[in-house]
Amino acid sequence: MNTTRKAYRASLLHSLGDPADLGIDASYQYISDGVLVVENGHIAAMGEAAVLLPTLGADTPVEHFENALITPGFVDTHIHLPQTGMIGAYGEQLLDWLNTYTFPCERQFADKAHADDVAARFVAELLRNGTTTALVFGSVHPESVDALFEACERHNLRMIAGKVMMDRNAPDYLTDTAQTGYEQSKALIERWHGKGRLQYAVTPRFAPTSTPEQLTAAGRLLAEHEGVYLHTHLSENQQEIEWVKALFPEQDGYLDVYDHYGLLGERSVFAHGVHLCEDECARLAQTGSALAFCPTSNLFLGSGLFNLPMAERHNVKVGLGTDVGAGTSFSILQTLNEAYKVMQLQGARLHPFKSLYLATLGGARALSLGDRVGRLAPGYEADFLVLDLKATPLLSYRLAQCRDIAETLFVLMTLGDDRVVQHTFAAGHRVHSR
Ligand code: GUN
Ligand code: ZN
């Protein structure tokens with residue numbers, strides 16, 4: 001008897017590619033009565049229930065979810081573990097927000113017991129919101145990354161994280177040096193990168209808090225370790241951008257600072273990019289670098305409106321970021337709700353199938369993981385969600401009025417949050433149930 005093979009019956013929906021490339025209709029697959037077959041942590045088959053069920057042996061258990069939609073797990077391409085305790089901090093824009101709220105909160109991660117406690121809450125929160133893969137900022141303390149990876153390892157999650165490198169323009173209690181930042185990052189890479197489904201991201205906080213020596217060290221880490229990521233912030237706030245110009249007068253703008261130190265590439269992810277110019281978008285695309293679009297954060301800190309159509313025109317890879325704690329929700333559905341409004345304020349539309357793409361396959365591609373997660377296709381890792389279409393009275397009533405899956409999806413993204421995530425599966429195992 002085959003004990004690891006299981007089948008799940010519900011409606012199935014996943015993205016096949018970017019609607020900007022394929023057109024809306026060819027960008028997704030929807031099966032109203034479908035079956036997903038999972039074996040050894042991977043998707044073995046998917047298709048119409050009427051076709052697939054008769055092919056399954058009697059030894060394959062089938063779990064049937066009524067009024068439910070199975071989708072791939074969500075991908076969050078930018079979030080901060082040590083800001084979990086300070087979401088929704090009042091009144092400031094980026095630079096004052098960092099000094100007033102963020103740095104004191106991150107300071108607590110010098111204590112491993114504190115880091116363990118918050119990491120457990122953080123991972124539980126990701127899973128209850130249906131996020132199965134995230135690119136995560138730790139604090140400057142290596143303990144923060146150990147705590148996070150230990151928590152992720154318990155659920156065999158596909159996660160990417162790194163310790164912050166920050167050797168100037170921050171309180172003494174929160175800085176490393178070019179040398180210690182290099183050594184600590186290197187030790188973490190050796191301990192964690194490629195262990196199970198965990199991967200490491202070299203994480204200079206942003207250009208203003210790293211000296212040229214530290215940015216050089218970050219470039220060295222990338223050059224010395226194949227497959228590690230680069231994760232930082234870029235062009236989020238006007239004051240920040242002016243500051244970068246003053247600190248790096250030799251460079252031709254913010255992106256060029258990172259470019260100068262060899263930090264652009266296929267595994268580089270830059271959060272925000274709210275105030276980029278056309279040339280910078282072209283350079284991001286040319287180097288295969290990705291942007292994390294963080295609408296709740298950009299609105300909350302008053303940073304500005306991300307120009308998704310411009311990124312799309314240049315073929316820049318884009319994923320969604322919650323950017324907790326500047327972002328105000330762990331929910332990718334709620335992040336899409338705000339993303340739609342950010343587009344509305346610019347006279348543009350965000351189609352629900354583009355949103356689905358950004359939340360799943362597009363995010364996975366931004367993290368160079370598009371061949372492993374983000375789709376419900378055979379061979380993909382079995383990270384998927386069961387969404388409850390009757391999660392709340394209003395949702396249930398509103399969805400009953402929808403005429404097709406596009407409308408249903410859009411309403412789910414407008415009204416939905418952690419309450420609609422009935423089950424979260426990672427590598428074929430149930431890791432959250434409501
Ligand atoms: N820029 C540098 N650090 C941060 C941070 O922690 N959050 C956000 N949103 N922007 C940053
Ligand atoms: Zn951030």
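None of the values given here were measured: they were computed from a predicted structure. Whatever order the structure lists ligands and atoms in, that order sets their numbers, starting from 1. One is the number of the first residue; the rest follow in order along the sequence.
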Just by distance, with hydrogens left out, do His272 and Asp323 show a side-chain donor and acceptor under 3.5 Å apart?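 Short answer, yes.
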Sequence-distant partners of His14, ring pair (Phe, Tyr, Trp, His ring centres under 6.0 Å), two or more places apart: none
To check your reading of the site, what angle at the Zn ion (ligand 2) do NE2 of His80 and OD1 of Asp323 form, to 10°?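 Rounding to the nearest 10 degrees gives 90°.
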Salt bridge check: are Asp383 and Arg158 linked by an N-O gap of less than 4.0 Å? no
Does anything in residues 69-79 form a salt bridge (charged side-chain N to carboxylate O under 4.0 Å, His left out)? List the pairs, not counting sequence neighbours. none
Within less than 2.8 Å of the Zn ion (ligand 2), any N, O or S from His233? yes
Got more than 12 heavy atoms from elsewhere within 6.0 Å of CD, Glu224? yes
Could you tell me which residues satisfy side-chain contact (heavy atoms from CB on, under 4.5 Å) with Asp25, sequence neighbours excluded, listed by chain and number?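 By the side-chain contact (heavy atoms from CB on, under 4.5 Å) rule, Asp25 matches no residue at all.
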Within the protein, residues bringing a heavy atom under 4.0 Å of ligand 1, chain by chain: His80, Gln83, Leu94, Trp97, Leu98, Arg205, Phe206, His233, Glu236, His272, Asp323, Ala326
Which N/O/S atom belongs to His78 and is the closest one to the Zn ion (ligand 2)?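 This turns out to be NE2.
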Side chain proximity check, Trp192 to Leu188, heavy atoms < 4.5 angstrom: yes
